Number of protein chains: 2
Amino acid sequence: MNELVSQASERLRSQGGRMTSQRRLLLSILDSLGEHPTAEELLLIARKQDPDLNLSTVYRTLRWLEAENLVSTRLFAEGRRQERFDAALPSEHHHFICTRCKNVIEFDTDLLDEIKTQFQDSSGASVDTGSIELYGLCPDCRQRSIVQETGMEVG
Amino acid sequence: MNELVSQASERLRSQGGRMTSQRRLLLSILDSLGEHPTAEELLLIARKQDPDLNLSTVYRTLRWLEAENLVSTRLFAEGRRQERFDAALPSEHHHFICTRCKNVIEFDTDLLDEIKTQFQDSSGASVDTGSIELYGLCPDCRQRSIVQETGMEVG
DNA sequence: ATAATTATTGCAAATGATTTGCAATAAGGG
DNA sequence: CCCTTATTGCAAATCATTTGCAATAATTAT
Ligand SMILES: [Mn+2]
Ligand SMILES: [Mn+2]
Ligand SMILES: [Zn+2]
Ligand SMILES: [Zn+2]
């Protein structure tokens, strides 16, 4: 049984909820999938194992996970205003989004703490969380655009 | 005539577009308003001067401004997935959002450049833009929550 | 000025994403 | 195995935004 499923089971138990086959399926997919699926994408994957699974169940499960802080919800500016769900358990990490191919690369930095402190000190607010999004060209797209513009390879 | 209006006029001229009364009104509001209105909020303000103005005109104007890089569009995670429009001309700045009262405070930092460089160097991507969102309690809400929990004032 | 051209508007209907009400189903405690 | 009621699937509703189209108005040419 994977991490998310057991985490969730525990919380369900403590709040009189029930671990259903639908939830178990969705949780196990979320746990193993190293991506940021939309609700639809998650549904499509899950339907390979449970063809009757319904989209509203997917949403209800995701919203519950969100409330339990077991997934975070992101709106990468990819044109759409469709939510993507990030099951990486509460490790604070950030995202680079390629403006050409929309690929997402996760990254980490310890400089955000400094920014938080900087802002707290200058404003009097108290900062809990923070997230950074970077936009640009991923290594592949960058390579391609250089080749296209100059005919040259890059080192 | 304010900055946004003249900027926009210029661009419209160069692309065979027309400066209409609706656009002039919306632009002047956006230019003076120091906030991040939604399309609806902007409509409500504008209707004080032009009661017949339509929401689709507001959206069309905002989308054009977006394409011209004269406004940026943000989706602060305030529960809603409604877009907010930021007319602050292309100065790169960031946002703190109070999780209690949803107030937004803008801030600046030079540490993001370091983060960009750090990521570029380690990944091989090229980063164009980036944005930071911080979440927590604004000074007022923080004050209130301390008073409420401890009965004490804070220095 | 006046007329001709066509970008832009207001309106209504369409779309895309997510949410909700409700009757039927199925966890899980006794 | 039975009960209670949390959860599901389905359909309809809602929210935010977009689109088609005929009417209108900003420019340009006369
Ligand atoms: Mn992630
Ligand atoms: Mn801003
Ligand atoms: Zn790419
Ligand atoms: Zn606040």
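The structure displayed is predicted, hence computed values, not measured ones. Values reported hereafter were calculated over all heavy atoms of this structure, with side chains retained and with hydrogens, waters and symmetry mates removed. Residue numbers begin at 1 in each chain, while the letters A, B, ... track the order of the sequences.
On a pure distance criterion of 3.5 Å, no polar donor-acceptor pair joins the side chain of A/Arg23 and the base of D/dT7.
Among the candidates B/Val58, B/Leu53, B/Asn54, the single residue satisfying the side chain to side chain contact (heavy atoms under 4.5 Å, CB included) test with B/Ser56 is B/Asn54. Residue B/His36 is tested with B/His95, B/Arg74, B/Arg84 for a side-chain hydrogen bond (donor to acceptor under 3.5 Å, both in side chains); the sole match is B/His95.
Place B/Val58 and B/Gly16 on DNA chain C by their nearest nucleotides, and B/Gly16 ends up nearer the 5' end. The 5' end of DNA chain D is approached more closely, in terms of each residue's nearest nucleotide, by B/Leu55 than by the other of B/Gly17 and B/Leu55. Each of B/Thr20 and B/Tyr59 was matched to the nucleotide of DNA chain D holding its nearest heavy atom; the match closer to the 5' end belongs to B/Tyr59.
Heavy atoms of B/Arg63 sit under 4.0 angstrom from primed sugar atoms or phosphate atoms, though from no base atom. Using a 4.0 Å heavy-atom criterion, one finds that A/Glu40 contacts no nucleic acid atom at all.
Separating the CD atom of B/Gln15 from the C1' atom of C/dT6 is a distance of 15 Å, rounded to the nearest angstrom. When rounded to the nearest whole Å, the span between CG of B/Leu53 and C1' of D/dT24 equals 15 Å. When rounded to the nearest whole Å, the span between CE of A/Met19 and C1' of C/dA26 equals 15 Å. The distance from atom CD of B/Gln22 to atom C1' of D/dA23 is 13 Å, rounded to the nearest whole Å. Between the P atom of D/dA11 and the CZ atom of A/Arg60 lies a distance of 14 Å, rounded to the nearest Å. Across the protein-nucleic acid pair, A/Arg18 atom CZ and C/dA27 atom P stand 9 Å apart, rounded to whole Å. Atom CG of B/Leu65 and atom P of C/dT8 are 12 Å apart (whole Å). Between the P atom of C/dA17 and the CG atom of A/Leu62 lies a distance of 15 Å, rounded to the nearest Å.
Of the side-chain N and O atoms in A/Thr57, one or more sit less than 4.0 angstrom from OP1 or OP2 of D/dG9. Using a 4.0 Å cut-off, some side-chain N or O of A/Asn54 falls inside it from OP1 or OP2 of D/dC10.
Atom-to-atom distance recorded for B/Ser72:OG and B/Glu83:CD is 11.0 Å, nearest 0.5 angstrom.
Within a 6.0 Å radius of CD in B/Glu40, other residues, nucleotides and ligands contribute 12 heavy atoms or fewer.
Clustering ILVMFWY residues whenever any of their side-chain heavy atoms sit less than 4.5 angstrom apart, transitively, puts B/Leu30 in the very cluster that holds B/Tyr59.
Comparing D/dT7, D/dA16, D/dT8 by their nearest atom to the side chain of B/Gln82 picks out D/dA16.
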